[in-house]
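So you know, we letter chains A, B, ... as the sequences are listed, proteins then strands, and number each from 1. Note that these values count all heavy atoms, side chains included, but never hydrogens, waters or copies made by symmetry.
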Amino acid sequence: MPELPEVEVVRAGLEPAVSGALITGVEVFDTRSLKRHSPLEGRFESLLEGRRMLAAVRRGKFLWFPLSAGAAAAPTGEGGAGGAAPATAAASGPQALVAHLGMSGQVLLRTPGTGEEGLLRIRLQIEHPEHGEFWVNFVDQRIFGSMAVDRLVPTADGAAGGYSGFDSGRMLGDTLALVPGQVAHIARDPLDPAFDEATFLAALGRKRTGIKRALLDQTLVSGIGNIYADESLWAARVHYEHPADRLPRARARELLAEVRVVLEKALAEGGTSFDAQYVNVNGASGYFSHSLNAYGQQGKPCPRCGTPIVREAFMNRSSHLCPRCQRPFRARVARVAA
DNA sequence: ATCTGCTCCTGGCGGC
DNA sequence: TGCCGCCAGGAGCAGA
């Protein structure tokens, strides 16, 4: 549920404290939070200690922090049956600390010594040259989120790997047009200046699936989750099961425009929080939940037409829609067929 | 190849 | 009141 706006709130909050900060200590309290970390890369803690984070970058719902070159830690080659443990894996090229919040992850910036109420999985102790010492606490109730150290690879289009704020772009230097290997398959998000609208619309037009499924497909467009998919579809008056390949190009373009409006509005309001689960780096909640028109509004009147919003089962989760504004697609007999 | 649906995980809360 | 079971769902991957 942390979707693009919530993750961006976290990124922006971390940026000033972590950019240029030295990692002085790493504690992993639950190794399940390292499920995206490949042991071939080296030991997570060893890879981080003694290195600096150069910036805070985001693409869609993924966050990463490019690392200074520093001492490449020796890979913990144990368990290497056959002994082909590649010493090159850990030492090759630039790396980044990657974070994904999953469903319930939080990254909290704390004064050293502060206790943590939630389920603390990983703690980084950092020291910023100007701002001093902090604890970066990765809290995650459901452990769908994770942290990892991963190699950075060049972006396919040569553009910046993700959004890193105005100023930290400088600090990124030659790591600017790189993206973590495990994020490379994730599409750019609709707020990314390098987002290719024509390519997206063309790909959408080829998808033989429902439009909401397509919006949630992070390889097509990233950053959208269940909340903002429902909100965007409501705003564009599109039914969630409308076949993606049958949505006229102009309607698809309108939908994309609504996606951007919804994401930007949520971002401006600090993200959506229903409870203490979704918070910024200081633990405070956002206000967008007061602006929801469809998600979670079942039974309440549609703000546009007054018809009660309904909630329907969808992919082991739920969809919220106005049954009057968002009519199901019905294939019609082609009238102007060639 | 493309699409669908299962799985990971735990706390909160609705309902009986 | 107390407890059971449902619910939240991002993303990767297995299987169709």
### Among A:Tyr295, A:Tyr240, A:Tyr228, ring-ring contact (aromatic ring centres under 6.0 Å, His included) partner for A:His320
A:Tyr295
### Minimum-distance nucleotide (side-chain atoms of A:Lys207 versus B:dC3, B:dG11, C:dA8)
B:dC3
### Query
Once the angle between the rings of A:Phe62 and A:His100 is folded into 0 to 90°, is it parallel (under 30°), tilted (30 to 60°) or perpendicular (over 60°)?
perpendicular
#### Entry: Side-chain N,O (A:Ser104) to OP1/OP2 (B:dT10) below 4.0 Å
no
### Query
Whole Å only: how far is the CD atom of A:Gln141 from the P atom of B:dG12?
6 Å
### Query
OP1 or OP2 of C:dA11 less than 4.0 angstrom from a side-chain nitrogen or oxygen of A:His100, does that happen here?
yes
#### Entry: Spacing between A:Arg59 atom CZ and C:dA11 atom P, to the nearest angstrom
13 Å
### Query
Between B:dT4, B:dC6, B:dT10, which one does the side chain of A:Asn316 approach most closely?
B:dC6
### Task
Mind checking A:Arg213 for me? I need base, sugar-phosphate or nothing, with any heavy atom below 4.0 Å counting as a touch.
base
### Task
Using a cut-off of strictly less than 4.0 Å, decide whether A:Arg317 has a side-chain nitrogen or oxygen near OP1 or OP2 of C:dG10.
yes
### Query
C:dA11 P sits how many Å from A:Leu215 CG, rounded?
14 Å
### Query
Looking across every strand, which nucleic acid part, if any, lies under 4.0 Å from A:Lys35 by heavy atom: base, sugar-phosphate, or nothing?
nothing
### Task
Verify the contact: side-chain N or O of A:Lys61 to OP1 or OP2 of C:dA11, cut-off strictly under 4.0 Å; return yes or no.
yes
### Message
Could you check whether any side-chain N or O of A:Lys207 sits under 3.5 Å from a backbone N or O of A:Arg213, counting only pairs where one atom can act as donor and the other as acceptor?
### Response
no
### Task
Mind calculating the distance between CE (A:Met315) and P (C:dG12) to the nearest angstrom?
13 Å
### Message
By nearest atom, which of the nucleotides C:dA8, C:dA11, B:dT10 is closest to the A:Arg36 side chain?
### Response
C:dA11
### Task
Taking only the side-chain nitrogens and oxygens of A:Arg142, find out if one of them lies under 4.0 Å from OP1 or OP2 of C:dG10.
no
### Query
A:Arg208 or A:Ile143: which one's nearest nucleotide on DNA chain B is closer to the 5' end?
A:Arg208
### Task
Please check the phosphate of C:dG12 (OP1 and OP2 only) for any side-chain N or O of A:His185 closer than 4.0 Å.
yes
### Message
Does C:dA11 have its OP1 or OP2 closer than 4.0 Å to a side-chain nitrogen or oxygen of A:Gln218?
### Response
yes
### Task
Hey, can you tell me if A:His37 and A:Phe44 have their rings parallel, tilted or perpendicular (30° and 60° cut-offs)?
perpendicular
### Query
Which whole-number value in Å describes the distance from A:Asp230 CG to C:dA8 P?
12 Å
### Query
Taking atom C1' of C:dC7 as reference, at what distance in whole Å does atom CZ of A:Phe314 sit?
17 Å
### Message
In this structure, how many angstroms lie between the C1' atom of C:dG10 and the CZ atom of A:Phe62, rounded?
### Response
9 Å
### Task
Report the nucleotide, chosen from C:dA11, C:dA8, B:dT4, that has the shortest atom-to-atom distance to any side-chain atom of A:Thr209.
B:dT4
### Query
Side-chain N or O of A:Ser318 less than 4.0 angstrom from OP1 or OP2 on C:dA8?
yes
### Message
Between A:Asp189 and A:Arg58, is the salt bridge (charged side-chain N to carboxylate O under 4.0 Å, His left out) condition met? List the steps.
### Response
CA-CA 10 Å; A:Asp189 61 67; A:Arg58 179 193 53 77; 3.2 Å; yes
### Message
Is it the case that the side chains of A:Glu27 and A:Gln125 hold a donor-acceptor pair, with the cut-off being a distance below 3.5 Å and no angle test?
### Response
yes
### Query
Atom CD1 of A:Ile227 and atom C1' of C:dC7: how far apart are they, to the nearest Å?
15 Å
